[in-house]
Amino acid sequence: MQLNFYNSLTRSLEEFKPLNGKTVGFYSCGPTVYNFAHIGNFRAYMFEDILHRALAYAGYTVRQIMNLTDVDDKTIRGALQQGVPLKTFTAPYIQAFFDDIKALNIMPAESYPAATDHIPEMIQLVQTLMDKGLAYKSPDGSVYFSVDRLPGYGKLAHLDRSQLRSGVRVSQDEYTKEGFGDFAVWKSWDTGDGDVVWDAPWGKGRPGWHLECSAMAMKYLGETFDLHTGGIDNLFPHHENEIAQAEATTGKDFVKTWMHCAHLRVNGEKMSKSLGNFFTLRDLFDKGFTGREIRMVLISAHYRQPLNFTFDALEAARVSLRRLDECYDALAARAGDAAPGVMPQFAATQITAFETAIGDDLNTPEALAAFYTLIRESNSALPSLTPAEAAAVIAAFEKMDQVLGIVHFGRKVEAAVPADIQALADERQAARAAKNWGESDRLRDTLAAKGWIVRDSKEGQTLRHE
RNA sequence: GGUGCGAUGGCCGAGUGGCUAGGCAGAGGUCUGCAAAACCUCGAACAGCGGUUCAAUUCCGCUUCGCACCUCCA
C-alpha cells in the first residue's frame, strides 16, 4: 500500500518511504500541561493518531514519541499562583491528557518524555551549540541561538529574515539579543521563576521551549528521522527553530517529512485559549456527547483544511454512528459463529477505495465515504448473504476500523433486558399475534416511555435501550 | 506591511477540465397492521468579474470576503 503525504518542507505531495526499512520514527509535539486541552488541541492529536494508524495499517512498525512540555512560562506561573511545586501543578493536567486521548481512542505513543526529565540532554545540546559558535551567552545569562550563523535558517517556514522584521512589534529593549530573529535556547533565572531552576555551566536557568523538542526527538529517534508533526501554528517559529538547533548540532538533515494540520474553528475563528472560544472534552461530555462522536467529527474533514466545529456536526455524527451500529449488529447476527468466507465483491471494492483515500495524504472524508458506502451496500445485500459472507463483510469493517477507530470504540454496551421489560414485550408479541393492534401499540408506547424502543422484523421484535 | 491558505447545496464536508462524493436535515416511494429501521428515487452548490478551452466548480488573472503565521499557541 502506497502512502503519499504532503511535506510542509517541500510544499509538495511525496511518496512516503521510511529511512530504515519498515520502522518509522515519528515525533509529535505534545501538550503544554498548564490546563485542560481543548478539542482544537485534540484535532492535532487526532490527525497524528490517523497517521499512526495508517502507517501501522500499511505494515510499518511505528515509533511515535510525543513530548510533554511541563516547564514554560505558563506552567511556572500556574505553580507559583497555587504555591505548589511545578510537578505538583502539572501532574493533574498530564493525567487529564492521558484520560482524554483514551476517551478519543487515540492510540498511545511509544513514550511521552517530559521536558523536566531531560534537562541534562538539553544542557548538553546548548553546550554543543555554544562550542560550535552557533549560540552565545547574553549579558543577562540567557543563551541565544544565532540565526545569522546558520545558512538555511527559514527553510521550513519559507521566510527570510528581512520579512521577519516588518510589522512585528517586539521591543528590542526586552531582549539582550544580538540579532532580531535569535531565540533563547536557555533562559536565565529570574524571580518570576521561583524555585524552577537548573544549574548549567553558563548559569542558572531553564531550557527554551524549542530546545526541548530537539533534544528529546534526537534522544529517542536519532539525529535524522522520518516524520515530525504538529499544528500549523508550530511551523514557525517552533519547528523552524527545532530544525536549526538539530541541524546546527549534527550537520545532518533533522527530519525528512514535516506534516502540519490546520486549525479547528468556531464561528470562523481559530479555537484557542487566548480567544476563550474553546470547548474541552469535559464541556462536551457534560452536554451529553461522547468521545466516539467527537472522534467522528474530528476525522470528518481533511487534516490540512480548517474544520468548522458545530453541534450540528456532533448530532450528525451521532445519527450516522447509530446506523453503523445497527448495520454491524445485523451482520453479526447473520454471521453467527461462521468463519469468514470469500469477501463479497462490494466489500472488496470499498476496501480498495478506502486504502486509496488513506494513501492520498490521509483523506479521511473520502475514506469515510467508502465506509458509508460499505454500510449501505451491506444493508442492501444482507438478506442474501450467507453466514460466511456476512463474516467476511464484518472483516472488511474491522479492516477499515484499524484506521478509523470508530466501530467498536465507545459503543454503548447493550443493557440486558430486564424481566419486567421482557414481560411487556412478550405481552405485546402475543397481542400482535392476536392482531390486537390497539393493545400492542399501547404496550409499545409503554415500553418507549421506559426507554425501550421496539422494532418489528420478519424474525420478530427487537428491543433497544435508549 | 510580509507570507501562506481558503470561499462548494439548509448544515458538515470531499473531489474533478466533460461523467453521483459522502454524512446529517428535507421530499416521494418500497417493505410493514401501523410505527421504526433498512433500501430506492429526488430536489439542491461550486463567492463575483474577466481570460484560456469545443467544454471551467476544476486552469490563469483581478475583485470581494474570511482565516492563519510573522518569536505564547495543536
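Residue numbers begin at 1 in each chain, while the letters A, B, ... track the order of the sequences. The structure displayed is predicted, hence computed values, not measured ones.
Across all strands shown, A/Lys435 has no heavy atoms under 4.0 Å from either base or sugar-phosphate atoms. Across all strands shown, A/His302 has heavy atoms under 4.0 Å from sugar-phosphate atoms exclusively, and none from any base. Using a 4.0 Å heavy-atom criterion, one finds that A/Gln305 contacts the sugar-phosphate atoms exclusively. As judged by a 4.0 angstrom heavy-atom cut-off over every strand, A/Met296 is placed among residues making no nucleic acid contact. At the heavy-atom level, A/Arg304 lies nowhere under 4.0 Å from the strands shown. Residue contacts shown for A/Arg442 are absent, as no nucleic acid heavy atom lies under 4.0 Å away. When heavy atoms are screened at a 4.0 angstrom cut-off, A/Leu264 is found touching base atoms of the nucleic acid. Looking at heavy-atom distances under 4.0 Å, A/Gly40 makes contact with a base. Across all strands, A/Ser272 comes closer than 4.0 Å to no nucleic acid atom at all (heavy-atom distances). Residue-level contact check: A/Asp456 touches the bases, meaning some heavy atom is under 4.0 Å from a base atom. Using a 4.0 Å heavy-atom criterion, one finds that A/Val297 contacts no nucleic acid atom at all.
Nucleotide B/C62 has B/G48 as its partner under the Watson-Crick or G-U criteria, with both atom distances under 3.5 Å. Across all strands shown, the partner of B/A38 is B/U30, judged by Watson-Crick or G-U wobble contacts whose two distances both fall under 3.5 Å. Using the Watson-Crick or G-U wobble rule with both distances under 3.5 Å, B/G22 pairs with B/C12. When Watson-Crick and G-U wobble pairs are counted only if both distances are under 3.5 Å, B/G4 pairs with B/C67.
Comparing B/C34, B/G23, B/C70 by their closest approach to the side chain of A/Pro237 singles out B/C70. Comparing B/G4, B/A74, B/C12 by their closest approach to the side chain of A/Asn234 singles out B/A74. With B/A14, B/A74, B/C67 as the candidates, the nucleotide lying closest to the side chain of A/Ala44 is B/A74. With B/A14, B/C39, B/C24 as the choices, the nucleotide that has an atom nearest any side-chain atom of A/Glu366 turns out to be B/A14. The side chain of A/Phe236 approaches B/C69 more closely than any other nucleotide in the set B/A74, B/C69, B/C24. Of the listed nucleotides (B/G33, B/U71, B/A74), B/G33 has the atom at the smallest distance from the side chain of A/Arg428.
Residues A/Phe289 and A/Phe279 place their aromatic rings such that the two centres sit no closer than 6.0 Å. Note: A/His239 and A/His260 meet the aromatic proximity criterion, with ring centroids under 6.0 Å apart. The aromatic ring centroids of A/Tyr136 and A/Phe145 lie 6.0 Å or more from each other. A ring-centre distance under 6.0 Å is not found for A/Phe97 and A/Phe36. Aromatic pair A/Tyr27/A/His228: centroids less than 6.0 angstrom apart. The six-membered or imidazole ring of A/Tyr34 lies away from that of A/Tyr93, with a centre-to-centre distance of 6.0 Å or more.
Contact annotation: A/Asn41 side-chain N/O to B/A74 OP1/OP2 distance is under 4.0 Å. The phosphate of B/G15 has OP1 or OP2 within less than 4.0 Å of a side-chain N or O from A/Asn363. At the phosphate of B/C12, neither OP1 nor OP2 sits under 4.0 Å from any side-chain N or O atom of A/Arg318. Distances shown here put a side-chain N or O of A/Arg323 below 4.0 Å from the OP1 or OP2 atom of B/C24.
Side-chain atoms of A/Arg444 and base atoms of B/C34 include a donor and an acceptor less than 3.5 Å apart. A donor-acceptor contact under 3.5 Å is formed by the side chain of A/Asp441 with the base of B/G33. Side-chain atoms of A/Asn308 stay outside donor-acceptor range of the base of B/C11, with no qualifying N/O pair under 3.5 Å. No donor-acceptor contact under 3.5 Å links the side chain of A/Arg455 to the base of B/A37. Interface remark: the A/Lys74 side chain does form a donor-acceptor pair with the B/C72 base, using a distance-only criterion of under 3.5 Å.
When the C1' atom is used for both B/A14 and B/U57, the distance is 13 Å, rounded to whole Å. Of the C1' atoms belonging to B/G18 and B/G23, the separation is 27 Å, rounded to the nearest Å. Nucleotides B/G26 and B/A68 place their P atoms 34 Å apart, quoted to the nearest Å. Spacing between B/G13 and B/A7 at atom C1', rounded to whole Å, works out to 13 Å. On the P atoms, B/G50 is 38 Å away from B/U41, given to the nearest whole Å. B/G66 and B/C60 have their C1' atoms separated by 22 Å, given to the nearest Å. The separation of B/G22 from B/A45, taken at their P atoms, amounts to 16 Å, rounded to a whole angstrom. Taking atom P on both nucleotides, B/A27 is separated from B/A36 by 12 Å, rounded to a whole Å.
A donor-acceptor contact closer than 3.5 angstrom links the side chains of A/Asp72 and A/Thr75. Judged purely by distance below 3.5 Å, without hydrogens or angles, the side chains of A/Glu15 and A/Asn4 never pair a donor atom with an acceptor atom.
Nearer the 5' end of RNA chain B, as judged by each residue's closest nucleotide, is the contact made by A/Ala301, out of A/Ser440 and A/Ala301. Nucleotides of RNA chain B nearest to A/Pro31 and A/Arg432 differ in position, and the one nearer the 5' end is that of A/Arg432.
Atom CG of A/Leu307 is separated from atom C1' of B/C24 by 15 Å (rounded to the nearest Å). The nearest whole Å value for the distance from the CD1 atom in A/Ile50 to the P atom in B/A14 is 14 Å.
Applying the 5.5 angstrom centroid cut-off and the 30 degree plane-angle cut-off, the aromatic ring of A/Trp437 is stacked upon the base of B/G33.
Inter-residue side-chain proximity for A/Leu221 and A/Phe254 is flagged as unmet; no heavy-atom pair is nearer than 4.5 Å.
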